[in-house]
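Letters go in sequence order (proteins before strands), and every chain restarts at 1.
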Amino acid sequence: MPFSSLETLKQRLDQREVSAQDLAKLYLDRIDAHNTLLNAFVHIDHDHVMAQAKASDDYRAAHDTPRPLEGLPIAVKDIFCTQDGPTRCCSKILEGFDAPYDAHVITRLKEAGAVLVGKTNMDEFAMGSSTETSAFGPCRNPWDTDRIPGGSSGGSAAAVAAALTPAALGTDTGGSIRQPAALCGLTGLKPTYGRISRRGIIAFASSLDQAGPMTSCVKDSAMLTAVMSGHDAGDSTSVMDAPTIDWLGACDQRDMKGLRIGKPKEYFIEGMDADVRATIENALKQCEALGAEIVDISLPHTESAVAAYYVIAPSEASANLSRYDGVRFGQRCDNPEDLNDLYMRSRDEGFGNEVKRRILTGTFALSSGYYDAYYIKAQRVRTLIRQDFLEAFEKVDLIATPTSPITAFALGEKADDPLTMYLSDIFTIAVNLAGLPALSQPCGFVNGLPVGMQWIAPAWQEDCLLGAASAYESATTWHQQHPEAFQ
Amino acid sequence: MDIDVRKIAQLSRIRLTNHEAQELGPQLNSILGYIEQLQEVNTDGVAAMAHPHDSAMPLRSDIVTNSNRRDALQAIAPQTESGLYVVPKVIE
């Protein structure tokens with residue numbers, strides 16, 4: 001049962017075969033058994049989880065219709081503010097921080113009857129691709145515990161892959177949902193920018209950040225996104241008139257007849273793992289067998305995406321993270337000499353190296369004399385990257401690419417070389433710059449490690465992503481494979 | 001280009017030890033060296049894109065929607081007194 005989908009668990013709850021308290025106990029026991037090794041969760045409150053499960057069972061007993069996620073255990077990344085228990089963003093600087101309010105998506109999950117099982121590990125402030133920069137220590141990949149789970153939502157990915165929870169939430173600024181989903185053999189969806197409110201999600205790069213689900217199958221991602229999406233008056237970037245979608249209905253698609261899939265040549269390049277490439281090529285052949293037409297396309301500015309991202313994201317981060325000043329919340333250094341010393345030492349002691357690197361990079365790009373050459377230049381390139389996609393979508397319905405050029409790498413392998421680490425996001429970053437929706441799903445294995453295929457759709461067409469991914473999933477069994485050590 | 005790490009760190013209000021500055025300097029230079037490739041992209045006449053949305057920000061009615069939560073918000077501050085945030089003396 002632990003590896004069941006949310007959909008299956010929901011049916012069993014609805015048929016009274018299990019209670020929310022049974023499920024909560026089951027997953028808490030698995031967390032107790034495996035978390036010491038995986039370090040997927042950084043905060044668990046057993047009593048609070050059981051109390052939520054009991055409240056859900058009581059609700060079910062008292063009402064004719066259960067709520068959409070009634071009694072289903074969901075884990076959330078430590079970046080979501082939750083009123084109950086700590087929120088750390090896996091940074092030392094937020095030690096002792098208890099959020100005074102819930103993130104909008106947390107409110108939505110609670111209103112839908114979900115049982116929140118705990119906070120998951122992540123790269124500090126979501127800055128990383130391996131969950132090694134966490135102040136709580138690195139998280140491990142259940143498929144090979146000497147390897148990283150991807151990042152920055154690596155804790156959520158590892159937790160779902162090892163069935164310590166049936167589903168989890170992540171956030172995605174440059175690939176932080178899709179890349180760990182790919183490296184851990186899961187489905188991960190980054191919705192269109194503006195689909196889900198960012199209120200109460202600790203900000204990294206505000207024009208790129210978006211929350212989304214990480215699940216064991218496509219329909220579960222649809223279930224969660226259906227609950228989380230929609231306008232929130234508290235976030236002016238959550239779009240008011242976004243086209244609505246039949247989230248669950250979109251998952252009934254079983255073939256790809258008439259679907260035109262774009263295959264961008266810039267995503268099948270020298271330097272990527274040859275076996276990963278072959279796995280994606282195979283998956284695309286399966287899509288053809290399901291009725292799709294594969295169309296060769298070009299996204300000519302892809303090569304500049306990583307460079308543009310590593311100007312724009314750090315610039316926004318340097319502004320967003322200026323709030324951690326040791327005055328209103330978070331950590332303050334001992335015995336500050338003066339106000340400047342208070343700022344400088346609190347931030348030195350509180351931030352880890354990767355966060356410092358990004359703040360410094362962003363401060364440089366925004367500083368007098370460099371602003372036009374770096375920040376404005378990167379924003380112009382961002383326009384070109386979006387135009388590439390708009391032009392491609394005149395010829396095709398969807399774009400398919402590898403999610404990551406490589407499978408999960410060994411812990412420590414890239415930790416000392418920030419630039420090499422940055423390049424592991426090469427296939428996911430352009431999507432955030434353009435604000436598009438994208439989904440990663442498992443499509444094979446290389447040496448026992450999962451490989452993910454990324455689908456990219458025009459803005460607001462998540463139904464198209466879910467349809468194609470459901471058709472592929474129904475014809476394959478990759479999503480039903482689980483790491484042996486955790487069965 | 002050689003970036004002046006100490007100056008940037010001062011602008012960022014982050015103290016760097018000598019050891020940190022020695023380590024971060026070359027790393028930042030390698031990142032900036034990579035970013036330098038942007039200069040090769042022809043962006044003549046291309047508008048800068050600050051945000052994925054073309055639409056204007058939505059407006060709401062000008063009414064008070066939040067309540068006074070000073071106590072809850074100050075409970076998480078490092079040091080407060082009489083409803084104010086306390087910092088080291090700024091004016092001699």
Side-chain angles (χ1 to χ4, degrees), chain A residues 96-98 100 193-194 207 233 236-237 239-240 301 303-304 306-308 310-311 318 322 325-332 336-345 347-348 351 353 356-357 359-361 363-364 367 373-374 376-384 386 418-419 422 434-435 459, chain B residues 1 3-5 7-17 20 23-25 27-28 30-53 55 57-60 65-66 69 71-80 85-90 92:
Chain A
F97 176 69
D98 288 323
Y193 181 84
S207 80
S236 60
T237 65
V239 170
M240 201 177 273
H301 296 93
E303 214 189 326
S304 311
V306 175
Y310 277 98
V311 174
S318 74
S322 66
D325 58 3
V327 176
R328 288 155 303 162
F329 54 85
Q331 280 300 296
R332 171 182 287 197
E337 276 172 31
D338 53 29
L339 190 58
N340 197 49
D341 185 48
L342 184 155
Y343 293 150
M344 305 240 341
R345 273 202 295 131
R347 288 162 66 79
D348 174 31
F351 291 137
N353 279 342
K356 285 178 188 166
R357 270 193 289 272
I359 292 175
L360 294 172
T361 307
T363 303
F364 174 77
S367 63
Y374 287 90
I376 298 296
K377 181 75 181 182
Q379 288 192 328
R380 292 187 206 281
V381 173
R382 185 176 184 180
T383 301
L384 294 173
R386 179 168 65 169
L419 191 55
Y422 295 177
Chain B
M1 179 187 354
I3 177 173
D4 183 348
V5 185
K7 183 183 159 212
I8 298 300
Q10 174 61 38
L11 289 173
S12 308
R13 296 293 182 274
I14 296 176
R15 185 191 66 166
L16 291 186
T17 60
E20 280 177 316
E23 193 180 84
L24 283 167
Q27 287 175 342
L28 287 179
S30 106
I31 293 163
L32 290 172
Y34 180 80
I35 287 167
E36 205 60 35
Q37 64 174 280
L38 288 176
Q39 309 310 328
E40 290 159 26
V41 183
N42 182 356
T43 55
D44 294 349
V46 177
M49 174 181 169
H51 212 269
H53 295 326
S55 53
M57 289 284 174
L59 297 175
R60 65 168 175 83
T65 54
N66 52 343
R69 299 191 60 205
D71 291 345
L73 294 168
Q74 290 206 325
I76 50 176
Q79 200 182 348
T80 59
Y85 294 100
V86 177
V87 295
K89 197 161 129 186
V90 179
E92 292 301 325

With a 4.5 Å heavy-atom cut-off, do [X] and [Y] have their side chains touching?
| X | Y | value |
| --- | --- | --- |
| Phe329(A) | Gln74(B) | no |
| Val87(B) | Arg332(A) | yes |
| Asp341(A) | Arg15(B) | no |
| Ile3(B) | Leu360(A) | no |

For the residue pair His51(B) and Tyr193(A), categorise the inter-ring angle as parallel (less than 30°), tilted (30 to 60°) or perpendicular (more than 60°).
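Taking Tyr193(A) first and then His51(B), their aromatic rings stand perpendicular (interplane angle over 60°).
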
Expected output: side-chain [X] to main-chain [Y] donor-acceptor under 3.5 Å:
| X | Y | result |
| --- | --- | --- |
| Arg386(A) | Pro52(B) | yes |
| Gln39(B) | Lys377(A) | no |
| Arg380(A) | Val41(B) | no |

Portion of [X] that has a non-hydrogen atom of chain B nearer than 4.5 angstrom:
| X | result |
| --- | --- |
| Asn340(A) | side chain |
| Ser304(A) | both |
| Ser322(A) | neither |
| Leu342(A) | side chain |

Let me know if [X] has heavy atoms under 4.5 Å from chain A in its side chain, its backbone, both or neither.
| X | result |
| --- | --- |
| Asn66(B) | neither |
| Leu28(B) | side chain |
| Glu23(B) | side chain |
| Leu24(B) | side chain |
| Tyr85(B) | side chain |

State the [atom1]-[atom2] distance between [X] and [Y], to the nearest 0.5 angstrom.
| X | Y | atom1 | atom2 | answer |
| --- | --- | --- | --- | --- |
| Gln379(A) | Met49(B) | CD | CE | 9.0 Å |
| Asp4(B) | Phe364(A) | CG | CZ | 10.0 Å |
| Ile76(B) | Arg328(A) | CD1 | CZ | 10.0 Å |

Among Ala308(A), Ala434(A), Ala459(A), which residue forms the greatest number of heavy-atom pairs with chain B at distances under 4.5 Å?
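So the answer, after comparing Ala308(A), Ala434(A), Ala459(A), is Ala308(A).
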
If you count heavy-atom pairs within less than 4.5 Å of chain B, which of Gly435(A), Gly96(A), Ser236(A) leads?
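Result: the option with the highest number of such pairs is Ser236(A).
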
Exercise: identify the closest heavy-atom pair between [X] and [Y]:
| X | Y | answer |
| --- | --- | --- |
| Thr237(A) | His53(B) | O-NE2, 3.4 Å |
| Val327(A) | Pro78(B) | O-CD, 3.1 Å |
| Leu339(A) | Val90(B) | CD2-CG2, 3.9 Å |
| Leu419(A) | Ser30(B) | CD2-O, 3.8 Å |
| Pro100(A) | Arg69(B) | O-NH2, 2.7 Å |
| Thr383(A) | Ala48(B) | OG1-C, 3.8 Å |

Between [options], which shows the greatest number of heavy-atom pairs under 4.5 Å with chain A?
| options | answer |
| --- | --- |
| Arg60(B), Lys89(B), Gln10(B) | Gln10(B) |
| Ser12(B), Ala77(B), Ala75(B) | Ser12(B) |
| Gly33(B), Ala72(B), Ala47(B) | Ala47(B) |
| Thr17(B), Leu38(B), Ile35(B) | Leu38(B) |

Just wondering, more than 12 heavy atoms not from Glu303(A) lying within 6.0 Å of its CD?
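No - once you tally the heavy atoms of other residues, nucleotides and ligands closer than 6.0 Å, there are 12 at most.
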
Derivation and outcome, side chain to side chain contact (heavy atoms under 4.5 Å, CB included), residues Asn353(A) and Gln27(B)
CA-CA 11 Å; Asn353(A) 279 342; Gln27(B) 287 175 342; over 6 Å; no

